[in-house]
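Heads up: the structure comes next, in structure tokens.
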4 protein chains.
Amino acid sequence: MVKIVGIGGSLRPNSSSYKALNLAIQRVEALGADVEILDLRQMKLPFCDGGDEYPDYPDVARLQDTVKKADGLILSTPEYHGGVSGVLKNALDLMGFEHLSGKVTGLISVLGGQSNSNALNDMRLIVRWVHGWVIPEQVAIAQSWKAFDEEGKLLDEKLSQRFDQLAQSLVDNTQKLRDAA
Amino acid sequence: MVKIVGIGGSLRPNSSSYKALNLAIQRVEALGADVEILDLRQMKLPFCDGGDEYPDYPDVARLQDTVKKADGLILSTPEYHGGVSGVLKNALDLMGFEHLSGKVTGLISVLGGQSNSNALNDMRLIVRWVHGWVIPEQVAIAQSWKAFDEEGKLLDEKLSQRFDQLAQSLVDNTQKLRDAA
Amino acid sequence: MVKIVGIGGSLRPNSSSYKALNLAIQRVEALGADVEILDLRQMKLPFCDGGDEYPDYPDVARLQDTVKKADGLILSTPEYHGGVSGVLKNALDLMGFEHLSGKVTGLISVLGGQSNSNALNDMRLIVRWVHGWVIPEQVAIAQSWKAFDEEGKLLDEKLSQRFDQLAQSLVDNTQKLRDAA
Amino acid sequence: MVKIVGIGGSLRPNSSSYKALNLAIQRVEALGADVEILDLRQMKLPFCDGGDEYPDYPDVARLQDTVKKADGLILSTPEYHGGVSGVLKNALDLMGFEHLSGKVTGLISVLGGQSNSNALNDMRLIVRWVHGWVIPEQVAIAQSWKAFDEEGKLLDEKLSQRFDQLAQSLVDNTQKLRDAA
């Protein structure tokens, strides 16, 4: 059984990134994966200063250890200013190769306006940089403010299918890539 | 006379990004520009939560106002995990079109290893997203730990000339683009 | 009076990229610019082999000379496989710094599906690489097969306004940046 | 046994991209893969016009069929103007999802000057767009004119090891990902 950890790049209470992340994690779990969400809204992380020691922030070690023990990741970010959120990039900056290398990763972005891939591209290149895998399937949610109903369900069936594909690919390929790794 | 504001994307005490930023700002000042550095190491900024109100953080307003009044910017970032630092991206996320639009921007990145353009590319696309200008001249400092002497001077003459070109282009073209704007 | 040259990255007879390019060039002309379109569908260009000599292809020299004499450019490409078309990239590869450096450039992409910025990002980084300027205003035309009427007019008024903004910015800022350059 | 096909993005007779591609293919073959190189210098391909029919160019079908039957790919390109060569992009434009989807891909770029990742990033995003996999290991060869000896061997031992890692990862992970696919 593979372990998949989700991280969202928003700090908004009613964040669409976390709605999307929750959906994806539920589907991954339904496929038999062990799952955990690291909710940055409930963690106390510092800005990365390029060093390795954050004694005042035990959540740094929690972030690092949880990711290190995972087989795969789901990263979900709002696209801010045509890129990954600083919040998510900073969380990734707080980790190193020893935590991130080899993880199999699925990517989600949410946008207030029309569809775009910049934040997805950013995450793809960042995860590669730390020697992680990124699955081809990815999801961008345009006009995210009208994408979900009140219970956090996606209103667009086609978009919902893309979540199924992302979840299926992530679980299947994490098993393949992590097998005997 | 144009006003150029510098922002560095590192929180390290002995940061190469700030050494590079200081150099660039000095040269811009020598060309007659009015200059100011916003040192993120001495400002208290929150993580961006997607909202506009940060009453507990007066430095957000200082960041926004200083940038808004500027004609041009110099952004200098370490390349972390093959991208702009989360620290700098977050600072940019805390500002909006009303602060950043129309600014003329010069870009610098510093790297621990060999040369690369990812963080420069990130910044170029981000600044464009908020309708800023980015000058063609840019500088990546590879192996930055051995690029400066103890007084913060660049050891490589050719690299030093690239700073001259960046400074000259930034001042000249900010004057042209902001003229009657 | 500035001279603006348009190049399209498609070879299709009924290309939306050229419809979009024609529109943009018309508006630039209406603002007083001298204009010319290099229609790659009617030029005979070779694949770039990394060299400088293409004696069998006089259109290489025509491409180079026309661009060299221009003050500004409009590049319009279909987004193929999430990037600039090979056709357009090859045409740019056939030119060097001596032809492209310092040109002020406006960017357009057309897409069969939903909106995206990859091809625009590609062109922005390529033009920068050869020391050209790229204006912040850019246009992506999603679902381009239904964007134009039979006379090549845009059906969406808001999109049409983005062409006006692109044309205005290109003419104004080419004048500013090329002035005394 | 997996089948790996190599494609180079240069048309130069003495191309460093093909030297690098040959090296990588040799190592992949030594690991037990079935290999084939599609040498674009010896194929007659048209510019992609967005259509599917190229009756005058039988090499289009050869390109498509050979790639379709492969399990994995190695793409090797010169970085021209800070991006993938138009030659390689055009070859990829001539193929579709039915040929490229699901392939596991390793990436190489060669540069005349210092190291950079732009062309590698371009290829990563393009391959993803057509639903291919890209392995994390990749190689950029800086100052490629002095990287090889007269027999096409790499002079730098560390760089040579990166080819080993690329080859090993490509063969291992193609087996894992294509297993039962």
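Each chain gets a letter, A, B and so on, in the order its sequence line appears, and its residues count up from 1. Scope of the values below: all heavy atoms of this structure, side chains included, with no hydrogens, waters or symmetry mates.
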Side chain, backbone, both or neither: which part of C:Asp93 has an atom under 4.5 Å from a heavy atom of chain D?
both
NZ of C:Lys68: more than 12 outside heavy atoms within 6.0 angstrom?
no
State, yes or no, whether a side-chain contact exists between D:Val87 and C:Asn90 at a heavy-atom distance under 4.5 Å.
yes
Let me know if C:Asn118 has heavy atoms under 4.5 Å from chain D in its side chain, its backbone, both or neither.
side chain
Nearest heavy-atom pair of C:Lys89 and D:His81: which atoms, and what distance?
NZ-CB, 4.3 Å
Any non-hydrogen side-chain atom of D:Tyr80 less than 4.5 Å from a side-chain atom of C:Leu94?
no
Does C:Arg41 reach the side chain of D:Phe47, with side-chain heavy atoms less than 4.5 Å apart?
no
So for C:Val84, is it side chain, backbone, both, or neither that comes closer than 4.5 Å to the heavy atoms of chain D?
backbone
Other residues, nucleotides and ligands only: do more than 12 of their heavy atoms fall within 6.0 Å of CG on D:Asp52?
no
To the nearest 0.5 Å, atom OG of C:Ser15 lies from atom CG of D:Asp49 at 11.0 Å
Looking at C:Glu98, I want to see if its CD is surrounded by more than 12 non-hydrogen atoms of other residues, nucleotides or ligands under 6.0 Å.
yes
